[in-house]
Amino acid sequence: DGTGTFSVDIVVSDAGDAGTVISDGTNTYLVVAGTVTAGPYDSGDTVTLMVDATDDACDSSLGDFTFTCPLPGPDNDACADAEAIACGDNLTANSDSSTDTDGNGRADVWYAFTGTVAGEEVTIATCGSDFDTTIEVYSGPCDDATQVAFNDDSCGLQSEATFTSDGSSTYLIKVEGFNSQTGNINLAVTCITPEPAPENDDCADAEAIACGD
């Protein structure tokens with residue numbers, strides 16, 4: 001039902017003797033002709049349902065029921081929904097419910113970094129994550145992006161990719177698991193700002209000097 005729980009519907013064609021119930025060992029549900037709903041139960045649980053008749057000789061088992069509810073994907077499961085990150089960020093995330101968004105068979109999550117300083121060196125690292133990761137960095141829109149950096153296994157089985165920001169563009173970062181692995185992600189963003197150019201960096205700004213200087 002989308003909430004992490006499930007129910008079991010039992011279709012009853014004949015209610016039988018008055019007072020017959022369906023029991024899950026904790027709760028009972030009166031048997032009536034039509035549909036009897038037992039539950040809800042937590043995702044992943046196994047429940048045994050029994051018909052508890054007024055005549056004990058007529059008791060019977062309906063069987064064991066287990067259902068694992070699918071988890072919703074993370075908010076940044078698609079490139080168009082990339083999560084904004086910035087210099088100094090240290091994030092944790094989980095990719096277990098992420099999907100393959102680019103058709104390569106690997107589940108991925110997306111981040112977006114917008115530069116503020118031209119020439120800034122930006123490093124995206126997943127060191128400390130608990131599965132084998134790769135990092136890809138792209139410039140341009142999702143539907144026409146160009147890869148500018150890639151890394152696999154820079155720190156153990158985790159990755160660390162560095163690129164140079166132009167100071168204004170938004171860069172798309174895809175983190176995915178090698179061979180479809182998923183798990184807990186530790187994402188760190190570090191930036192090195194270039195030293196400012198000296199005042200006499202241009203001919204027009206030549207610094208005056210004189211004999212004896």
Side-chain angles (χ1 to χ4, degrees), residues 1-7 39-46 65-117 120-191:
D1 61 7
T3 65
T5 62
F6 71 96
S7 298
Y41 307 105
D42 290 336
S43 173
D45 282 357
T46 298
F65 299 88
T66 301
F67 188 78
T68 301
C69 307
L71 297 173
D75 291 340
N76 60 337
D77 192 31
C79 178
D81 300 316
E83 178 182 345
I85 55 176
C87 296
D89 281 352
N90 284 280
L91 310 175
T92 58
N94 183 278
S95 65
D96 286 343
S97 59
S98 62
T99 60
D100 170 21
T101 60
D102 57 5
N104 67 356
R106 299 177 180 180
D108 51 55
V109 290
W110 291 84
Y111 298 90
F113 176 90
T114 301
T116 57
V117 179
E120 190 169 51
E121 283 197 356
V122 182
T123 299
I124 310 294
T126 57
C127 306
S129 301
D130 64 5
F131 66 106
D132 191 350
T133 63
T134 63
I135 297 175
E136 299 172 35
V137 181
Y138 296 89
S139 64
C142 289
D143 58 356
D144 189 27
T146 301
Q147 188 178 102
V148 297
F150 170 83
N151 185 257
D152 180 23
D153 297 349
S154 176
C155 42
L157 295 177
Q158 287 75 51
S159 305
E160 192 174 77
T162 299
F163 63 97
T164 302
S165 168
D166 66 6
S168 59
S169 296
T170 296
Y171 297 87
L172 300 167
I173 296 100
K174 180 176 70 170
V175 177
E176 64 183 8
F178 183 72
N179 283 344
S180 300
Q181 295 181 43
T182 61
N184 295 309
I185 298 171
N186 290 330
L187 187 78
V189 185
T190 55
C191 303

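Just so you know, residue 1 is the first one in the sequence shown, and it goes up from there. Predicted model, so just to flag it, every value in this text is computed and none were measured.
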- prompt: Of the non-hydrogen atoms in Ser7 and Pro40, which two are nearest, and what is the gap between them?
  reply: OG-CA, 3.6 Å
task: Measure across Asp42 and Phe6 and return the closest heavy-atom pair with its distance rounded to 0.1 Å.
output: O-CE2, 3.3 Å
Pair Ser159-Ser154, side-chain donor/acceptor within less than 3.5 Å: no
message: Tell me whether Asp108 contacts the main-chain N or O of Glu176 through its side chain, where contact means a donor paired with an acceptor under 3.5 Å.
response: no
message: As an exercise, state the distance from NZ of Lys174 to CH2 of Trp110, rounded to the nearest 0.5 Å.
response: 5.0 Å
query: Can Ser139 and Thr146 be said to form a side chain to side chain donor-acceptor pair (under 3.5 Å), step by step?
result: CA-CA 5 Å; Ser139 64; Thr146 301; 4.9 Å; no
message: Taking the side chain as everything from C-beta on, heavy atoms only, tell me whether Val189 gets closer than 4.5 Å to Val122.
response: yes
field: Any Phe178 side-chain heavy atom under 4.5 Å of Asp153 side chain
entry: no
field: Any pair counted as disulfide (SG to SG under 2.5 Å), so long as it reaches residues 132-167, sequence neighbours left out
entry: Cys79-Cys142, Cys127-Cys155
task: Show the numbers, then the answer: is there a side chain to side chain donor-acceptor pair (under 3.5 Å) between Asn186 and Gln158?
output: CA-CA 10 Å; Asn186 290 330; Gln158 287 75 51; over 6 Å; no
- request: Return yes if a side-chain donor-acceptor contact under 3.5 Å exists between Asn184 and Asn94, otherwise no.
  value: yes
task: Return yes if a side-chain donor-acceptor contact under 3.5 Å exists between Thr134 and Asp152, otherwise no.
output: no
- request: Could you tell me whether Asp166 atom CG has more than 12 heavy atoms of other residues or ligands within 6.0 Å of it?
  value: yes
field: Asn76 side chain vs Val109 backbone, donor-acceptor pair below 3.5 Å
entry: no
- request: Verify whether one side chain among Thr46 and Thr66 offers a donor that lies under 3.5 Å from an acceptor in the other.
  value: yes
- prompt: Any sub-3.5 Å donor-acceptor pair from Asp100's side-chain atoms to Asp102's backbone N or O?
  reply: yes
- prompt: What are the two closest non-hydrogen atoms of Ile135 and Ile124, and how far apart are they?
  reply: CD1-O, 3.3 Å
- line: d(Thr126 OG1, Leu157 CG) to nearest 0.5 Å is 10.0 Å
task: Check whether any side-chain N or O of Asp96 sits under 3.5 Å from a backbone N or O of Gly183 as a donor-acceptor pair, and report yes or no.
output: yes
Nearest-0.5 Å distance, CZ of residue Arg106 to CG of residue Asp132: 8.5 Å
- prompt: Ignoring hydrogens and geometry, is there a side-chain-to-backbone donor-acceptor pair from Asp89 to Ala86 under 3.5 Å?
  reply: yes
message: Check the orientation of Phe163 and Phe113. Use parallel for under 30°, tilted for 30 to 60°, and perpendicular for over 60°.
response: perpendicular
Interatomic spacing from CD1 in Ile173 to OH in Tyr171 - rounded to 0.5 Å: 10.0 Å
CD-CG distance between Glu136 and Leu172, expressed to the nearest 0.5 angstrom: 11.5 Å
- prompt: Which pair of heavy atoms, one from Thr116 and one from Glu120, lies closest together, and at what distance?
  reply: OG1-OE1, 4.3 Å
task: I would like to know whether Phe65 and Asp45 meet side chain to side chain contact (heavy atoms under 4.5 Å, CB included); could you show each step before the answer?
output: CA-CA 8 Å; Phe65 299 88; Asp45 282 357; over 6 Å; no
Nearest heavy-atom neighbours spanning Gly115 and Ser165: CA-OG, 3.3 Å
field: Interatomic distance, Leu187 atom CG to Ile85 atom CD1 [nearest 0.5 angstrom]
entry: 5.5 Å
